[in-house]
Amino acid sequence: MVDGQAFLDEGAPLSATTKATPEVISMNTDGSILSAVKAFFLAYPTMVILGYFFFVLVHILAHKATAGSSPDFAFVALAVQAGMVYFSHFPVVIGVALSDKYDHVNARQQKEQTKGWMKRLWLAHINTIENFPVFAAGFFAALSLNVEASVRVSLSWTYVILRLIYTTIFGFGVTWPRSTCWLSSWLCCMMLYIGHWTGFWYI
């Protein structure tokens, strides 16, 4: 459970609010060979497996929810995600404006110097920007490869849903589920690229 006081304490260092939950699966290392082996040969593969099955679950639900929709509905998902690239920083802007004087001239620097939940949401916003080109390229790759329209629609909305979950989890400072969810969204992008050849055994 997230420590509510730590979550609200904007003056607390980032590390103080990202370790509020037990590190069930930890990628952290302490500089020793053993910790590195545990992180990269145990924790990381575990996250990949969990991320894959979480992706499958969300895709199944999205596929059922979008069944019978127009192929153009995939473009709506693309537009929504493009909007998130911009609007995902709004909570940070509001947080800064309510806690301090908002400096529009040096807005980026001011956001980078935030703490607590605002810092986490700012980092989530940056991650959203970094990953959008991968999703957009995969979207048009699936289109050019003639991936079944219903699958393109459900995959596109699966990505949007996973990114919303990722940002929410990041904001609350829950660490390993955040990384697992990021892997799920990355796998979703990869399936846009290779789904034409691999197929989808679960739908």
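Just the heavy atoms: all of them, side chains too, but no hydrogens, waters or symmetry mates, feed the values below.
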- Message: For M191 and V151: C-alpha separation, side-chain torsions, deciding distance, then whether side-chain contact (heavy atoms from CB on, under 4.5 Å) applies.
- Response: CA-CA 10 Å; M191 292 309 295; V151 175; over 6 Å; no
- For L155 and C188, what are the C-alpha separation, side-chain angles and deciding distance, and is it a side-chain contact (heavy atoms from CB on, under 4.5 Å)? CA-CA 7 Å; L155 272 176; C188 183; 4.0 Å; yes
- Message: Please evaluate residues W182 and M47 with respect to the criterion side-chain contact (heavy atoms from CB on, under 4.5 Å), reporting the C-alpha separation (whole Å), side-chain torsions for both, the decisive distance (0.1 Å), and the verdict.
- Response: CA-CA 10 Å; W182 179 87; M47 285 187 187; over 6 Å; no
- Task: Apply the test side-chain contact (heavy atoms from CB on, under 4.5 Å) to residues W157 and F73: give CA-CA distance (whole Å), side-chain angles for both, the deciding distance (0.1 Å), then the verdict.
- Result: CA-CA 9 Å; W157 281 103; F73 197 41; 3.3 Å; yes
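Proximity of the aromatic rings of Y159 and F139 is defined here by a centroid distance below 6.0 angstrom, and this criterion is not met.
The shortest heavy-atom contact between M118 and S99 is CE-OG, 3.8 Å. C181 and F54 make their closest contact through SG-CE2, 4.1 Å (heavy atoms, listed as atom of the first residue, atom of the second, distance). The shortest non-hydrogen separation linking W122 to V92 is N-CG2, 3.6 Å. Counting all heavy atoms, side chain and backbone alike, K119 lies closest to E112 at NZ-O, 2.5 Å. Heavy-atom minimum distance, V153 versus T66: CG1-CB, 3.8 Å. Among all heavy-atom pairs drawn from T158 and A62, the shortest one is OG1-CB, 3.4 Å.
A single hydrophobic cluster is not seen to contain both F90 and L123; linkage of ILVMFWY side chains at heavy-atom distances under 4.5 Å, directly or through other members, places them apart. Hydrophobic clustering (ILVMFWY, side-chain heavy atoms < 4.5 Å, transitive): F200 and L187 are in one cluster. In the hydrophobic clustering of ILVMFWY residues, with side-chain heavy atoms under 4.5 Å counting as a link, V48 and Y202 come out together. L162 and V76 are not part of a single hydrophobic cluster, where members link through side-chain heavy atoms under 4.5 Å apart. Placement of L50 and F41 within a single hydrophobic cluster is found when ILVMFWY residues are connected by side-chain heavy-atom separations under 4.5 Å, directly or transitively.
From L78, atom CG reaches atom CZ of R152 across 12.0 Å, with rounding to the nearest 0.5 Å. Separation of atoms CD1 (I169) and OG1 (T175) is listed at 10.5 Å; rounding is to 0.5 Å. Here the CG-OG distance, from L121 to S88, works out to 9.0 Å after rounding to the nearest 0.5 Å. With rounding to the nearest 0.5 angstrom, the NE2 atom of H89 is 9.0 Å from the CZ atom of R108. The distance from atom CE of M84 to atom CD1 of I129, rounded to the nearest 0.5 Å, is 11.5 Å.
Counting heavy atoms from C-beta outward, L183 and Y44 have side chains that approach closer than 4.5 Å. A heavy-atom distance below 4.5 Å is found between the side chains of F135 and S156. Annotation: side chain of Q113 is in contact with side chain of Q109 (closest heavy-atom distance under 4.5 Å).
Between F55 and H59, the ring planes lie parallel to each other; the angle is under 30°, not in the 30° to 60° tilted range.
Within the 3.5 Å criterion, the main-chain N or O of S154 finds no donor-acceptor partner in the side chain of H63. Remark: side-chain polar atoms of Q110 are paired, donor with acceptor, to backbone N or O of K101 under 3.5 angstrom. The closest donor-acceptor contact from the side chain of N131 to the backbone of N127 lies under 3.5 Å. Not a single donor-acceptor pair under 3.5 Å links the side chain of S150 to the backbone N or O of A67. Here the side chain of T167 pairs no donor or acceptor atom with the backbone of L164 at under 3.5 angstrom. Looking at K38, its side chain never comes within 3.5 Å of a backbone N or O of A43 through a donor-acceptor pair. Judged by distance alone, the side chain of S32 and the main-chain N or O of S35 form a donor-acceptor pair under 3.5 Å.
More than 12 non-hydrogen atoms from other residues, nucleotides or ligands lie less than 6.0 angstrom from OH of Y52. Heavy-atom contacts from other residues, nucleotides or ligands closer than 6.0 Å to OH of Y86 number 12 or fewer.
In this structure, R178 forms a cation-pi arrangement with F170, its terminal cationic atom sitting closer than 6.0 Å to the ring centre and no more than 45° off the ring axis.
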